[in-house]
Amino acid sequence: MLLGFIMLFDSWDSVVIAYVLPSLMKEWGIGPAAAGLLMSSGYAGQFIGAILLGRLAERFGRMPVFKAAVLVMSVFALVSSVCPGYNSLLISRFIQGIAIGGALPVSITYINELAPKAIRGRYFAAFQFITISGYAVTAAASAAIIPAFGWRPMFALGALPLLLIPFVGLLLPESPRWLASRGRIAQTNKALVKLGGQAITVNAAAGTVQTVSPSAKPSPFGELFQPIFVRRTVTLSLLWFVTSYVSFGIITWIPSIYVTKFHMEIGESLRYSAVGTFIFVMVIPAVALIIDRVGRRQIAITGSLMSALAFAALASQIAPGIGAIVAMVMIGQFFTAGVSVILWPYTAENYPTSVRATAMGWASSLGRAAALLTPLAVGGLLALTGSIHIVFVIFAVLALIATLIWWLVAPETAKIDLDMVH
């Protein structure tokens with residue numbers, strides 16, 4: 001729960017640009033292409049941070065890297081709130097993005113390494129529910145704060161995790177599984193006891209944990225593409241990219257689309273976006289109820305197919321009128337969210353401890369790459385054609401591709417023992 005509340009602001013910092021952008025476009029005279037670049041600057045940083053910090057967490061442990069990332073993320077939230085112009089905000093968002101991109105995969109790696117396998121899906125879903133609530137909280141706060149106080153306080157509030165970092169050091173030890181994999185059995189036992197578990201012996205650790213020499217360097221990043229891992233890496237890479245493209249595309253652009261293409265007032269746009277984001281968040285408790293019983297794969301197939309149908313309806317103009325359009329957008333958000341939630345534990349369950357954080361960082365970086373590309377692509381298409389329908393066609397096609405990958409290639413991983421993954 002502590003990590004969840006901290007990462008709520010990771011979600012806040014990641015998506016806040018979508019809600020301040022309509023005001024920025026009006027105040028600074030920003031066009032669609034420049035607005036897309038501003039959104040993409042943060043995701044570009046997240047792409048780098050997800051890869052870099054995942055590797056650092058493999059070498060130095062999960063907690064030191066996580067705490068450093070949260071510190072940087074929070075400080076640059078404050079910096080963004082006082083930026084005087086477009087260029088400075090572009091740079092600030094990029095630097096903050098490095099920390100945002102790294103904090104999430106490292107924290108999820110830590111969560112998965114502590115969760116009991118029988119209820120790992122629900123355990124993670126509880127964390128993810130709090131984390132993803134940041135999207136809904138940001139949407140609701142923006143509707144109240146921006147019309148009254150402007151956009152700058154929205155960035156400043158992203159610094160609140162600074163108040164929670166001391167509690168991380170006080171309450172959360174390093175991952176016992178990571179410590180044991182480095183042969184640090186004494187430290188492993190201290191961590192286990194602090195978490196309420198039982199101490200282990202060296203022989204017990206050798207029998208259940210994939211150990212490496214304490215002085216050994218982490219395996220190279222290219223190990224993810226060695227023959228033993230290449231099929232799962234390629235499959236997950238495709239799933240992460242297409243799902244994230246759709247998910248981030250609809251979250252980041254829909255407030256501006258409501259204003260520029262459907263001629264809503266900014267306040268009305270933000271209220272509709274807030275409702276849609278709350279629906280997005282509520283998918284997580286629904287997934288949590290069935291994820292360990294039904295498994296990961298079936299939920300993902302259903303969610304991808306339903307989101308494809310919703311965006312196809314928007315693209316074909318089957319949903320005339322603002323009410324129907326908003327409803328289809330919300331349906332697309334809901335089912336895309338379900339697939340996004342599944343991807344995090346599913347990825348962690350596909351790799352052993354020795355490369356898990358690296359794999360999570362790689363997967364997250366592809367999601368951030370898609371998020372980086374989406375604002376540029378959507379902004380460019382809107383500037384070039386003026387049509388929103390081609391955007392929804394792309395979302396529908398990508399969601400359909402995800403459906404086929406889940407159905408034809410992806411294996412089930414529910415209740416698999418993490419220490420038996422090789």
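Starting from 1, each residue takes its place in the sequence as its number.
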L78/V75 under side chain to side chain contact (heavy atoms under 4.5 Å, CB included): CA gap, chis, key distance, verdict: CA-CA 5 Å; L78 292 174; V75 168; 5.8 Å; no

Side-chain ([X]) to main-chain ([Y]) donor-acceptor, under 3.5 angstrom:
| X | Y | result |
| --- | --- | --- |
| R231 | P227 | no |
| R297 | A410 | yes |
| S92 | S88 | no |
| S365 | I51 | no |
| S107 | L104 | yes |
| T233 | F229 | yes |
| Q96 | G42 | no |
| E412 | R296 | yes |

[atom1]-[atom2] distance between [X] and [Y], expressed to the nearest 0.5 angstrom:
| X | Y | atom1 | atom2 | answer |
| --- | --- | --- | --- | --- |
| L114 | L172 | CG | CG | 8.5 Å |
| L21 | W28 | CG | CH2 | 10.5 Å |
| D13 | Q46 | CG | CD | 9.5 Å |
| L71 | F76 | CG | CZ | 10.0 Å |
| T302 | I299 | OG1 | CD1 | 8.0 Å |
| S11 | I6 | OG | CD1 | 12.5 Å |

Check the pair I98, V72 against side chain to side chain contact (heavy atoms under 4.5 Å, CB included), reporting the backbone distance first and the verdict last. CA-CA 9 Å; I98 295 174; V72 173; over 6 Å; no

Can you see which heavy atom on [X] is nearest to which on [Y], and at what distance?
| X | Y | value |
| --- | --- | --- |
| G367 | S244 | CA-OG, 3.2 Å |
| T188 | A180 | OG1-N, 3.1 Å |
| Y19 | P22 | O-CD, 3.6 Å |
| A69 | A99 | O-CB, 3.2 Å |
| L53 | A103 | CD2-N, 4.3 Å |
| A308 | L400 | CB-N, 3.8 Å |

What's the verdict on side chain to side chain contact (heavy atoms under 4.5 Å, CB included) for F311 and T336, showing C-alpha distance, side-chain angles and the deciding distance? CA-CA 11 Å; F311 292 124; T336 302; 3.9 Å; yes

Candidate pair F334 and V329, rule side chain to side chain contact (heavy atoms under 4.5 Å, CB included), full reasoning: CA-CA 9 Å; F334 180 87; V329 168; over 6 Å; no

Does a side chain donor of either [X] or [Y] reach within less than 3.5 Å of an acceptor in the other side chain?
| X | Y | result |
| --- | --- | --- |
| R93 | S41 | no |
| W240 | T347 | yes |
| S340 | T243 | no |

Would you indicate whether the side-chain heavy atoms of [Y] and [X] approach each other to under 4.5 Å?
| X | Y | answer |
| --- | --- | --- |
| P345 | I342 | no |
| F127 | I108 | yes |
| L24 | I17 | yes |
| D10 | T131 | no |
| E174 | R62 | yes |
| R184 | W178 | yes |
| W344 | M360 | yes |
| L3 | I111 | yes |

Going by side chain to side chain contact (heavy atoms under 4.5 Å, CB included), name the residues that satisfy it together with F335, two or more places apart in sequence or in a different chain. M306, S307, I331

Test: E58 and R356 ion pair at under 4.0 Å: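 Result for this pair is no, no salt bridge flagged.
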
Classify the ring geometry between F9 and W12 as parallel (under 30°), tilted (30 to 60°) or perpendicular (over 60°). tilted

Under 3.5 Å, side-chain donor or acceptor atoms of residues 146-168 against the rest of the protein: list the pairs with distances, not counting sequence neighbours.
residue: W151; atom: NE1; partner: E27; partner atom: OE1; Å: 2.9
residue: R152; atom: NH1; partner: S81; partner atom: O; Å: 3.0
residue: R152; atom: NH1; partner: C83; partner atom: O; Å: 2.8
residue: R152; atom: NH2; partner: C83; partner atom: O; Å: 3.0

How about [X]: does its [atom1] atom have over 12 heavy atoms from other parts shown lying under 6.0 Å from it?
| X | atom1 | result |
| --- | --- | --- |
| F5 | CZ | no |
| K67 | NZ | yes |
| K26 | NZ | no |

Can you confirm whether or not the ring centre of Y110 sits under 6.0 Å from the ring centre of F66?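 So the answer is no for these two rings.
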
Evaluate Y351 against W362 for ring pair (Phe, Tyr, Trp, His ring centres under 6.0 Å), listing each step before the verdict. CA-CA 12 Å; Y351 294 94; W362 167 254; over 10 Å; no

